[in-house]
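Take a look at the structure below.
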Amino acid sequence: MKIAKTNYCHFLLTIILLALNPVLSIRFPEVPKDDSNQPLQTAVFALGSFWRSEASFGCLNGIVRTTVGYAGGSKANPEYRNMADHAECVQVEYDPRVIGFRQLLEVFWASHDSRQVFGQGPDVGNQYRSIIFTSGTEKSRLAAVSKEREQSKSKSSIVTTQIQQLEAFYPAESEHQKFELKQNPFLLQLMGNLPEEELERSTLATKLNGYAAELCPSRIQKRIDAKINDIIKKGWPILREV
């Protein structure tokens, strides 16, 4: 079926106008990829404020999604205003065929100061302590080896990171999920203004959360820059993948 040139131009103009008006914009839900054959694994880390921790892992190839939450304490169902002895954490779901636990550990060590006692940077308190949570003997071994390697880099101070078996992970409240991305309404608009539940599960949102915090590797940051600039030039408002 052919579309008349005038009607086609009108259609494109309508789409552009809708994109520029956040009130009128059309939301296209993200089509979830079929990952039924992907043997996904999870890892949980505590490395300071979970807002930035989540963004640190988001851009890596093989990361399917990230979720911030609480772990390492004794209180059942902790909350942000009452987490008791839990630490702020990020749960990383990943495809081990693309990225391994060793690589995640490298990001963990590079993304915070494991020698700082009782906090990270300006964030002071027990909730910001450094922890590698493990499940299984092999991951515990890899964590211990990586900690020894980190300690060997300097003997003048002690690596404070704990290694603990994960007992339970409690997802944090919605307002804390994809926090860095939510500070950038333009990126949310480009995605089609996904509802909260879809945003939290979205692989695209996971990557853009890292991008918004400028924590992606430079080549990935530049690739996303180019993708967004191309969309702006063409006037098509929906960013589906990066």
Side-chain angles (χ1 to χ4, degrees), residues 32 35-36 38-58 60 62-96 99-109 111-112 114 116-120 123-147 159-182 196-203 205-206 209-210:
D35 58 7
S36 57
Q38 292 184 356
L40 298 184
Q41 295 186 14
T42 61
V44 178
F45 302 101
L47 55 157
S49 170
F50 53 21
W51 296 339
R52 191 166 182 84
S53 300
E54 182 180 26
S56 296
F57 291 92
L60 303 176
I63 302 301
V64 177
R65 63 184 61 87
T66 54
T67 305
V68 298
Y70 316 106
S74 57
K75 177 182 173 59
N77 302 314
E79 301 173 343
Y80 187 72
R81 298 300 178 189
N82 185 16
M83 67 179 75
D85 54 348
H86 284 283
E88 294 189 17
C89 305
V90 56
Q91 177 179 267
V92 180
E93 294 180 60
Y94 64 98
D95 184 344
I99 189 170
F101 188 63
R102 284 188 182 89
Q103 292 165 283
L104 296 180
L105 287 170
E106 291 174 3
V107 175
F108 168 80
W109 295 116
S111 300
H112 76 301
S114 61
Q116 185 173 339
V117 180
F118 210 62
Q120 283 296 303
D123 297 320
V124 177
N126 195 45
Q127 72 194 67
Y128 303 115
R129 64 192 186 275
S130 175
I131 310 173
I132 301 171
F133 292 96
T134 60
S135 55
T137 304
E138 179 59 14
K139 286 185 177 178
S140 295
R141 185 188 69 80
L142 291 173
V145 170
S146 72
K147 180 178 178 178
V159 170
T160 64
T161 302
Q162 302 169 359
I163 299 176
Q164 297 181 15
Q165 281 289 120
L166 180 65
E167 298 296 333
F169 173 81
Y170 300 92
E173 298 83 346
S174 294
E175 61 263 31
H176 301 296
Q177 307 295 339
K178 306 296 179 293
F179 182 84
E180 298 290 348
L181 174 59
K182 288 176 180 176
E196 187 64 42
E197 185 176 348
E198 287 184 38
L199 192 72
E200 292 179 15
R201 301 289 297 172
S202 168
T203 299
T206 294
N209 190 55

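Just so you know, these numbers use all the heavy atoms, side chains as well, and skip hydrogens, waters and symmetry mates. The first residue of the sequence shown is numbered 1, and numbering continues consecutively from there.
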| task | Using a strict 4.0 Å threshold on nitrogen-to-oxygen distance, state whether E173 and R81 make a salt bridge. | result | no
Open item on the list: Under 3.5 Å, is there a donor on one side chain and an acceptor on the other for Q165 and S140?
Closed with: yes
Worksheet item: Can you tell if the side chain of C89 reaches within under 4.5 Å of the side chain of F133, non-hydrogen atoms only?
Response: yes
Do K139 and R102 make a side-chain contact, defined as non-hydrogen atoms from C-beta onward lying under 4.5 Å apart? no
So the salt bridge (Lys or Arg N to Asp or Glu O under 4.0 Å) pairs with at least one residue in residues 84-94 (sequence neighbours excluded) are R65-E93, E93-R201
| said: Distance alone, cut at 3.5 Å: any donor-acceptor contact between the side chains of W109 and S146? | reply: yes
Practice task
Decide ring-ring contact (aromatic ring centres under 6.0 Å, His included) for F108 and F57; before the verdict, give the C-alpha distance in whole Å, the side-chain angles of both, and the deciding distance to 0.1 Å.
Solution key: CA-CA 8 Å; F108 168 80; F57 291 92; 7.8 Å; no
For a 4.5 angstrom cut-off between non-hydrogen side-chain atoms, does Y94 reach V64? no
Quiz item: What's the verdict on side-chain contact (heavy atoms from CB on, under 4.5 Å) for H112 and S114, showing C-alpha distance, side-chain angles and the deciding distance?
Solution: CA-CA 6 Å; H112 76 301; S114 61; 3.9 Å; yes
Which of Y70, Y170, F169 passes ring pair (Phe, Tyr, Trp, His ring centres under 6.0 Å) with H86? Answer is Y170
- Message: Using the rule given for side-chain hydrogen bond (donor to acceptor under 3.5 Å, both in side chains), can you reason through S174 versus E200, listing the C-alpha separation, both sets of side-chain angles and the distance that settles it, and then say yes or no?
- Response: CA-CA 8 Å; S174 294; E200 292 179 15; 3.1 Å; yes
Here the gap from Q116 atom CD to L47 atom CG, rounded to the nearest 0.5 Å, amounts to 12.0 Å
Value for CD (Q120) from CZ (R129), rounded to nearest 0.5 Å, stands at 12.5 Å
Next on the checklist: Quick check: do T206 and I63 have side-chain heavy atoms less than 4.5 Å from each other?
Outcome noted: yes
| Do F50 and Y80 touch side chain to side chain, with heavy atoms closer than 4.5 Å? | yes
Contacts of A143 meeting side-chain contact (heavy atoms from CB on, under 4.5 Å) (sequence neighbours excluded), chain-then-number -> I132, T134, I163
For a 4.5 angstrom cut-off between non-hydrogen side-chain atoms, does L199 reach K182?
yes
Looking at E175, I want to see if its CD is surrounded by more than 12 non-hydrogen atoms of other residues, nucleotides or ligands under 6.0 Å. yes
In short, salt bridge (Lys or Arg N to Asp or Glu O under 4.0 Å) pairs touching residues 42-56 with sequence neighbours left out are E54-K178
